[in-house]
Amino acid sequence: MTKEISKTYSPQSIEDKWYSYWLSNKYFHAKPDEREPYSIVIPPPNVTGVLHMGHMLNNTIQDVLTRRARMQGKNACWVPGTDHASIATEAKVVQMLRERGIKKSDLSREDFLKYAWEWKEKYGGIILEQLKKLGASCDWDRTRFTMEPSLSEAVIDVFIDLYNKGLIYRELRMVNWDPLGKTALSDEEVIFKDVNSKLYYIKYHLTENSKSEILNSNHPTSNIQHSKFVVIATTRPETILADAAICVNPNDERFKHLIGKKALVPFINREIEIIADEYVAMDFGTGCLKVTPAHDKNDYELGKKYNLEVIDILTEEGFLNEKAQDERYIGKDRFAVRKQIAIDLEEAGFIEKIEEYKNQVGTSERTGAVIEPRLTLQWWVDMKKFLAKNPQVLDAVMNDEIKFHPANMKNTYKHWIDNIKDWCISRQLWWGQQIPAWYSEDGNFVVAKTEVEAIEKFRIQHPTSNIQHLKQDEDVLDTWFSSWLWPISVFDGFKEEGKEDIKYFYPTNDLVTAPEIMFFWVARMIMAGYEWMGQKPFSNVYYTGIVRDKQRRKMSKSLGNSPDPLDLIAQYGADGVRMGMLICSPAGNDILFDESQVEQGRNFANKIWNAFRLVKGLSIKPDTEFAADLLASNKISEQWFEARFNLALAEIEEKCKDYKLSEALMMIYKLIWDDYCAWYLEMIKPVYGEALNQSTYDQTVAFFEKLMLVLHPFMPFITEEIWQEITERKEGESICVAAYPNVETYNYTSLQNTFETISKIRELRNSKGISPKEAFEIVIKTNQTELYEPNQFLIKKLANVSSILFNEDAPNYVSLSVSTDQVFVKLNIEIDAVAEAEKINKEIEYLIGFMASVDVKLSNEKFVSNAKPELVEKERQKKEDALAKIEVLKQSLAGL
RNA sequence: GGAGGCAUAGCUCAGCUGGUUCAGAGCAUCUGCCUUACAAGCAGAGGGUCACAGGUUCGAAUCCUGUUGCCUCCA
């Protein structure tokens with residue numbers, strides 16, 4: 001019977017089998033009907049992406065939510081897809097071309113895009129295939145891509161719409177420039193990193209000095225005031241070549257006399273003025289600030305204020321250009337120049353000192369390159385205006401119309417909204433949606449969907465412009481400018497026709513995402529939702545943590561500390577990996593991933609598998625062939641588990657409602673392992689070679705089935721396998737679409753004292769080193785025999801007890817405390833009366849101490865008068881119980 | 001520099017509007033068992049001044065204040 005089922009669970013073949021069964025039966029496909037809808041849109045992974053542990057966690061959670069909803073009778077739809085990821089993808093394509101010996105600069109835009117699409121078709125979207133291994137129950141028929149034609153069209157329409165509403169403008173501004181990606185970035189795409197750098201103190205000679213004096217001056221400048229220099233401090237000495245002024249604080253006594261004078265930039269001897277502004281911090285560096293409007297945001301603002309020249313000495317790749325004036329540096333990378341110019345300055349005597357300095361530099365989220373502030377013409381969304389038009393963007397989150405889990409993320413969200421900056425949406429790339437702006441040769445432009453429309457608009461808006469050679473804007477839109485439409489565009493919400501999906505599935509229910517893209521994506525989807533749908537895009541946002549290794553380092557490819565999820569699945573099974581990821585990942589908390597957790601998951605699967613083997617291997621006979629007391633005992637066991645199950649289910653549902661999935665999973669784990677396997681199955685298991693009665697067997701199978709249903713969202717594969725095998729199923733049935741159990745009423749049968757008796761006897765056996773095979777005789781002293789009497793069968797079976805007597809004398813027995821009762825066990829070995837007495841005395845001592853503390857409370861008038869009456873009553877009960885117990889213990893002392 | 005959060009067993013975390021479900025869970029550790037479902041297992045056990053110092057209260061892990069340490073986000 002059990003011979004055919006293998007002793008250990010092997011997931012591989014089972015997982016593949018059921019996943020293709022689910023696909024071929026289209027259980028994950030959803031279309032609008034009369035049922036209540038439930039929808040989730042996937043945070044679209046980069047089309048260049050490969051599954052990493054973060055995806056595993058994120059998508060497991062989405063799958064749990066989706067599968068639960070589906071089983072609870074909702075029309076569940078989880079929409080998958082990928083993001084075109086402008087910068088990342090373009091970088092990959094450029095790299096592929098380089099390997100083939102092709103330079104991007106040699107290609108036309110059209111040719112480049114042809115290669116890019118080719119790349120996308122070939123390598124893009126591997127990640128979606130990997131998700132299938134995880135068991136993701138996405139509606140694959142709905143797979144979308146942010147750059148597919150209809151989604152791109154929506155993006156363009158939205159741009160035009162916002163432009164027409166006056167929410168988009170084009171302006172020359174300082175942006176975050178990525179010299180590697182050669183594009184502008186939004187503030188959100190810049191990551192600040194701590195670096196150890198150097199603070200260079202550089203002398204600028206005042207123009208009163210003659211040239212020869214400058215070159216020969218080597219004397220130390222201990223007193224700035226009387227020297228013929230000013231000294232400025234900078235971490236970026238190469239930018240001195242772009243200096244336009246020096247600035248001091250007008251209140252700074254040290255430098256008042258210098259205001260209005262002129263200084264010379266080292267090497268190139270450009271004359272710059274010393275100006276005064278309160279912006280300068282007197283206590284930082286030397287108190288003199290070099291002003292470099294082209295290469296620093298604050299300096300740029302200062303430059304605007306004082307009408308300073310903007311001298312941009314960097315190329316788009318971050319190399320120095322001819323404006324740097326010094327031949328030694330032109331054409332070289334800014335970091336190489338930084339090193340070299342420091343040496344040269346030092347040799348020429350311009351360096352006063354160099355200090356070690358810790359500062360933060362911005363780097364590109366996608367390429368890692370150090371960001372250069374750069375003055376360029378870019379397209380912007382006016383966020384303040386946008387929010388003024390859509391106040392719900394903040395309100396809905398603050399009043400929980402859109403619920404954040406965990407809720408404290410609301411603060412972060414509010415802070416961002418309150419300090420919002422305009423969104424730079426243009427990128428100097430080719431892979432993406434090209435900006436629908438058209439320029440005439442004389443510099444006018446219109447925003448229009450097509451060239452034909454553009455010509456029309458020119459005729460009206462700029463009738464004098466020459467429209468012979470209109471040129472479309474070269475730039476594309478920020479990737480997030482398409483992702484923010486995702487919950488709308490995947491349901492074709494921007495199309496004129498086919499509105500059934502959007503009407504039915506929007507707003508979506510849950511969004512599961514990482515906290516770091518709250519601003520990039522979550523906030524902007526909320527904006528788009530209100531702007532174009534007039535409604536929130538989702539009701540709940542579940543923020544997952546970041547997956548870290550045991551040393552709390554973020555898992556990353558470069559550190560090599562991230563296991564390959566597919567290897568893990570191959571080794572432990574998808575169910576095991578899912579369980580391992582979820583078991584310790586409360587919402588918002590980082591998860592410290594450790595392979596031992598996945599092992600725990602695999603072990604759990606194996607445990608379930610063996611319970612299945614046991615149940616499947618039972619032989620069954622009709623109830624009529626069994627003695628009444630055995631049937632009664634089994635009935636008690638069934639009732640007990642039924643109660644346990646419903647109690648636990650209610651709690652599990654509560655936890656799930658609060659999105660505390662890891663706690664819910666832990667409860668299921670304990671329900672199955674401890675309650676069902678360790679207790680229930682042991683209680684009803686017939687002695688070897690004997691059969692089980694039919695009615696108990698039926699119940700046992702029914703319980704097993706229910707347990708599988710509850711566990712299925714978390715561990716879909718093994719639960720399907722067992723659900724299919726444990727009883728007869730029809731073709732086309734699946735646990736995926738089976739009804740989730742409801743909490744039912746039950747008769748509560750407390751086996752508390754019985755279980756405690758069993759445990760205490762086992763403990764005694766353990767501590768005395770007595771074999772489990774040796775049976776004991778016991779006497780139970782209690783005034784509640786009804787708590788034990790019906791369960792004698794169970795006590796005998798599980799604790800190996802041969803006979804049970806009630807309230808008889810028990811001379812020379814060992815006494816055990818069970819709740820307020822005493823259980824006496826007859827041991828066949830000599831018992832140490834002195835040691836026993838000591839043990840009992842200790843217990844009495846403890847109880848007296850305990851009573852004393854209760855008495856303190858009870859004699860405290862303020863407690864008795866202030867505390868709730870039931871609480872006072874409880875304390876009284878405690879005292880009574882303790883008294884009764886002391887009495888019993890004293891009796892057994894006397895008996896020794 | 002600004003905002004928010006955290007500190008409970010070796011590790012990861014539960015502990016709601018103060019009071020026997022208040023010191024809990026899982027893992028890890030230790031002891032004894034290959035007891036015919038499972039050694040990926042079974043039966044037990046030992047681990048904590050609830051970061052520190054004050055305060056409020058009859059009563060504080062829980063509320064308040066300060067200190068220290070750590071984390072995240074923003075500039």
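Residue numbers start from 1 in every chain, and the chains themselves are labelled A, B, ... in the order their sequence lines are given, proteins ahead of strands. No hydrogens, no waters, no symmetry mates; every other heavy atom, side chains included, goes into these values.
Checking the phosphate oxygens (OP1, OP2) of B:G4, no side-chain nitrogen or oxygen of A:Y413 falls inside 4.0 Å. At B:A3, none of the side-chain N or O atoms of A:K414 fall inside 4.0 Å of OP1 or OP2 (strictly under the cut-off).
When Watson-Crick and G-U wobble pairs are counted only if both distances are under 3.5 Å, B:C22 pairs with no nucleotide at all. Pair check for B:A3 finds B:U72; Watson-Crick or G-U wobble, both atom distances under 3.5 Å. With a cut-off of 3.5 Å on both Watson-Crick or G-U wobble distances, the partner of B:C63 is given as B:G55. If you check B:U17 for Watson-Crick or wobble pairing at under 3.5 angstrom, you find it has no partner at all. With a 3.5 Å ceiling on both atom-pair distances, the Watson-Crick or G-U wobble partner of B:G44 is B:C30.
Contacts of A:N606 with the nucleic acid, taken as non-hydrogen atoms under 4.0 Å apart, include base atoms. The residue A:K607 sits close to a base: some heavy atom pair falls under 4.0 Å. Looking at heavy-atom distances under 4.0 Å, A:F612 makes no contact with the nucleic acid at all. As judged by a 4.0 angstrom heavy-atom cut-off over every strand, A:R602 is placed among the base-contacting residues.
Of the candidates B:A37, B:A75, B:G2, the closest approach to any side-chain atom of A:H415 belongs to B:G2. Distance from the side chain of A:N766 is smallest for B:G32 among the nucleotides B:G32, B:C38, B:C27. For A:S759, the listed nucleotide lying nearest its side chain is B:G44; candidates were B:G44, B:C27, B:C38. Among the nucleotides B:C38, B:A40, B:A14, the one closest to any side-chain atom of A:E663 is B:A14. Distance from the side chain of A:N411 is smallest to B:G4 among B:A25, B:A37, B:G4. Nearest nucleotide to the A:N603 side chain, out of B:A75, B:A40, B:A37: B:A40. Candidate nucleotides B:A40, B:G15, B:G44 were compared by shortest atom distance to the side chain of A:K660, and B:G15 ranks first. Closest contact between the side chain of A:T412 and the listed nucleotides B:G26, B:G44, B:C73 involves B:C73. Closest to the side chain of A:W673, out of B:C38, B:G4, B:G41, is B:G41.
The separation of B:U8 from B:U49, taken at their C1' atoms, amounts to 12 Å, rounded to a whole angstrom. When the P atom is used for both B:A28 and B:U35, the distance is 22 Å, rounded to whole Å.
With a glycosidic angle no further than 90° from 0, B:U49 counts as syn.
Judged as a salt bridge (Lys or Arg N to Asp or Glu O under 4.0 Å), and not counting sequence neighbours, the contacts of A:D400 are A:K410.
Contact check of residues 680-692 of chain A against RNA chain B (heavy atom, cut-off under 4.0 Å) returns A:E682, A:K685, A:Y688.
Distance, A:M715 CE to B:A40 C1': 12 Å, rounded to whole Å.
By the 30° and 60° cut-offs, the orientation of the rings of A:W673 relative to A:F604 is parallel.
Between A:K768 and A:E763 there is no salt bridge, since no side-chain N of the basic residue sits under 4.0 Å from a carboxylate O of the acidic one.
Aromatic ring centres of A:F703 and A:F645 lie farther apart than the 6.0 Å criterion allows.
For the pair A:R762 and A:W679, the cation-pi criterion (under 6.0 Å, within 45° of the ring axis) is fulfilled.
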